[in-house]
Amino acid sequence: MAAELTAPELIAKHRPTLDQALEAIRTRAYWSPHPEHPKAYGEHGSLDAAAGKAAFDALLGTRLDLGQAGTDDWVGGEISPYGIELGVSYPHADLDVLLPAMKAGQPAWRDAGAEVRAVVCLEILKRISDRTHEFAHAVMHTSGQAFLMAFQAGGPHAQDRGLEAVAYAYAEQVRTPESAEWSKPQGKRDPLVLTKNFTPVPRGIGLVIGCNTFPTWNGYPGLFASLATGNAVLVKPHPRAVLPLALTVRIAREVLTEAGFAADLVALAAERPGEGIAKALATRPEIRIIDYTGSTSFGDWLEANARQAQVYTEKAGVNTVIVHSTDDYKGMLSNLAFSLSLYSGQMCTTPQNLLIPREGILTDQGPKTFDEVTADIARAVDGLLGDDARANALLGAIVNPDVKARLEAAAGLGEVALASREISNPEFPGAVVRTPVIVKLDGAKPDAEAAYMSECFGPVSFAVALDSVTDAVELLRRTVREKGAMTVGAYTTDSEVERAIEEVCLEEAAQLSFNLTGGVFVNQTAAFSDFHGSGGNPAANAALCDGAFVANRFRVVEVRHQG
């Protein structure tokens, strides 16, 4: 069957976007081809709000047949954090049938070349973008994100990260020319002449192990980085967040088929309840690349045991903010309150430890004691979430019972500066919605260390009193070195303190933000410009996205001909 999407057509359609993405990763300037505002959709084939909601509703209670090889059963069971059963069932794969079928499609995909692979990936992303409203509901009802966050983070921001990975993948593959004429002079004798051809070849099948909280945002970089570098990709979603990635796989398979490639280059590995297939998959010899987001324990296991694969992990860390001084106290409080509240703190970038000198801080409103700073942060959070409608829009829902249990246990770890309260969601009465808790700890007391030196994922923060800013800087160093951090924040008007904090972050490879008081928050990063993670501390062994994230997903094979 002839391809419905020819290479020249795809190149003409998507090469300008690819070129803009390449320029964006070079300059690190702001750029995005994916609109953030819901009202921007509804033209040129994209679904508007009503159509997207209708498309999502039509999926509920259905069987999502992907037509992939080796289907031996149907599995499902997702329940939305908002309290509704999705009722969608997905193909369960016989891996001994599916994996060979995936591998069989790789030679033609490899031979297509870097540019064709890139524009096919961009066509997949374009079709996902056109259905952003549908994806927003799928992300919302698997992750517990509030709708607008699910729309933005699960839609355009995730698509940006996927496109960013494609751009880096393309740049690394074309770094070496396709061919070269080599001639070595031999004096009076004829020169030695060789024709050399260089082909990027895939490592094998890439495995994407999805997470519950950000299935698309965390899933797309690895998926598109592996696909763009010639690898087939098997997507193993988190059992509670299958739908967004299953929709992604379905769209990818449709585009690959229309472009004349094997649909099984991208496939889904959904699992039965309690089956736990990730370990078995991760150690199969066919799996040569693994992308994982989740707990430190399983990430460490993958790094130690999936020896046949190149493993990229984003695990857990203890994110820290040092509060030393500020010339915009009100702006600081507002910024911190939003950062602590967004998506109920269920982000790998949310601050956990607020390190504050025991004697207090200097501000534009005069000196503030430790207790005053802590109380003012608590009041800022309480004020931000005082209106239940606004609170629901910011907090979303608690994603699973483990987060709720940690939140409830945190109040017993120290003096509570801000108690968590329950909020009802009139639209979704089954949603579990809780405001953050802030607990005061004395950094000089050994029994407090167990709390602030461990990640407490969810809406839990610790205000830690320390004897000096020097102690805060040293605790920051120790925390990043031993536990890792995806983000570090700091507030200071002292240039020497600023230099000391920056030096720690440079030495320990932690991404740092100073004096955020406006509409940019420490737990947000922008594709094409900001690096998510560094790959240099225990929180993650890779950064989204840089050359190192894509370059080892392929190898260059040289073929030489004499004469």
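Counting from 1, the numbers follow the sequence of the chain as shown. Everything numeric here is computed off the predicted structure, so don't read it as measured data.
Contacts of Arg127 classified as salt bridge (Lys or Arg N to Asp or Glu O under 4.0 Å), with partners at least two apart in sequence or in another chain: Glu123, Glu258. Under the rule for a side-chain hydrogen bond (donor to acceptor under 3.5 Å, both in side chains), Tyr343 has no partner lying at least two apart in sequence or in another chain. In this view, Arg250 satisfies the salt bridge (Lys or Arg N to Asp or Glu O under 4.0 Å) rule with no residue, not counting sequence neighbours. Every residue two or more places apart in sequence or in another chain that forms a side-chain contact (heavy atoms from CB on, under 4.5 Å) with Ala527 is listed here: Asp160, Arg161, Glu164. For Ser454, the side-chain contact (heavy atoms from CB on, under 4.5 Å) test picks out no residue, with sequence neighbours left out. Residues passing the side-chain hydrogen bond (donor to acceptor under 3.5 Å, both in side chains) test with Glu303 are Thr313, Lys315, Asn541, sequence neighbours excluded. Residues that satisfy the side-chain contact (heavy atoms from CB on, under 4.5 Å) test with His137, not counting sequence neighbours, are Lys53, Phe56, Phe147. Qualifying side-chain contact (heavy atoms from CB on, under 4.5 Å) partners for Gln152, counting only residues two or more places apart in sequence or in other chains: Glu36, Leu148, His157.
Looking only at side-chain heavy atoms (C-beta outward), Phe214 and Ser143 stay at 4.5 Å or farther from each other. For the pair Thr248 and Val266, the minimum side-chain heavy-atom distance is 4.5 Å or more. Counting only heavy atoms from C-beta outward, the side chains of Glu455 and Thr296 never approach each other to under 4.5 Å. The closest side-chain heavy-atom distance from Ser32 to Leu163 is not below 4.5 Å. Between Phe135 and Leu243 there is no side-chain heavy-atom pair separated by less than 4.5 Å. Residues Met149 and Met347 meet the side-chain proximity criterion, which asks for heavy atoms closer than 4.5 Å. The closest side-chain heavy-atom distance from Val75 to Pro239 is not below 4.5 Å. Put simply, the side chain of Val120 reaches to within 4.5 Å of the side chain of Val255, judged on heavy atoms.
Arg553 forms a cation-pi arrangement with Tyr312, by the criterion of a distance under 6.0 Å to the ring centre and an angle within 45° of the ring axis. Geometric assessment of Arg28 against the ring of Phe531 yields a positive cation-pi assignment under the 6.0 Å and 45° thresholds.
Within the model, atoms CG of Asn231 and CD of Gln310 stand 11.0 Å from one another, a figure rounded to the nearest 0.5 Å. Between atom CZ of residue Arg307 and atom OG1 of residue Thr283 there is a gap of 13.0 Å, rounded to the nearest 0.5 Å. Note that OG1 of Thr293 and CG of Asn212 are 12.0 Å apart. Values are rounded to the nearest 0.5 Å. Interatomic distance, SG of Cys545 versus OH of Tyr220, reported as 16.0 Å (0.5 Å rounding). Interatomic distance, CG of Leu234 versus CD1 of Ile289, reported as 12.0 Å (0.5 Å rounding). Rounded to the nearest 0.5 Å, atoms CG (Leu544) and CE (Met486) are 7.0 Å apart.
Atom CD of Glu178 has 12 or fewer neighbouring heavy atoms from other residues, nucleotides or ligands inside a 6.0 Å radius. Shown here is Glu408, whose CD atom has more than 12 heavy atoms of other residues, nucleotides or ligands within 6.0 Å. With a 6.0 Å radius and a threshold of 12 heavy atoms from other residues, nucleotides or ligands, Glu43 has its CD atom at or below the threshold.
Between Phe298 and Tyr292, a ring centre-to-centre spacing shorter than 6.0 Å is recorded.
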Trace of the side-chain contact (heavy atoms from CB on, under 4.5 Å) decision for Gln308 with Ile287: CA-CA 7 Å; Gln308 85 293 348; Ile287 300 299; 4.1 Å; yes

One pair to check against ring pair (Phe, Tyr, Trp, His ring centres under 6.0 Å): Phe549 and His532. What are the steps and the verdict? CA-CA 11 Å; Phe549 185 70; His532 176 75; over 10 Å; no

Candidate pair Ser529 and Trp31, rule side-chain contact (heavy atoms from CB on, under 4.5 Å), full reasoning: CA-CA 8 Å; Ser529 186; Trp31 176 74; over 6 Å; no

Which pairs would a plain distance check flag for residues 96-108, meaning a side-chain donor or acceptor within less than 3.5 Å of a matching protein atom at least two apart in sequence or in another chain?
| residue | atom | partner | partner atom | Å |
| --- | --- | --- | --- | --- |
| Asp96 | OD1 | Arg284 | NH1 | 3.3 |
| Asp96 | OD1 | Arg284 | NH2 | 2.9 |
| Gln106 | OE1 | Ala232 | N | 2.9 |

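Applying the salt bridge (Lys or Arg N to Asp or Glu O under 4.0 Å) definition to pairs two or more places apart or across chains, none involves residues 204-232. The ring pair (Phe, Tyr, Trp, His ring centres under 6.0 Å) contacts involving residues 256-289 comprise Trp109-Phe261, where partners must be two or more places apart or lie in separate chains. Every pair passing salt bridge (Lys or Arg N to Asp or Glu O under 4.0 Å) that includes a residue from residues 61-76 is listed here, sequence neighbours excluded: Asp73-Arg272.
Using a 4.0 Å cut-off between charged side-chain N and carboxylate O, Lys126 and Asp130 make a salt bridge.
Gly162 approaches Leu125 most closely through the heavy-atom pair C-CD1, 3.9 Å. Contact between Phe528 and Ala21 at its shortest, heavy atoms only, is CE2-CB, 4.1 Å.
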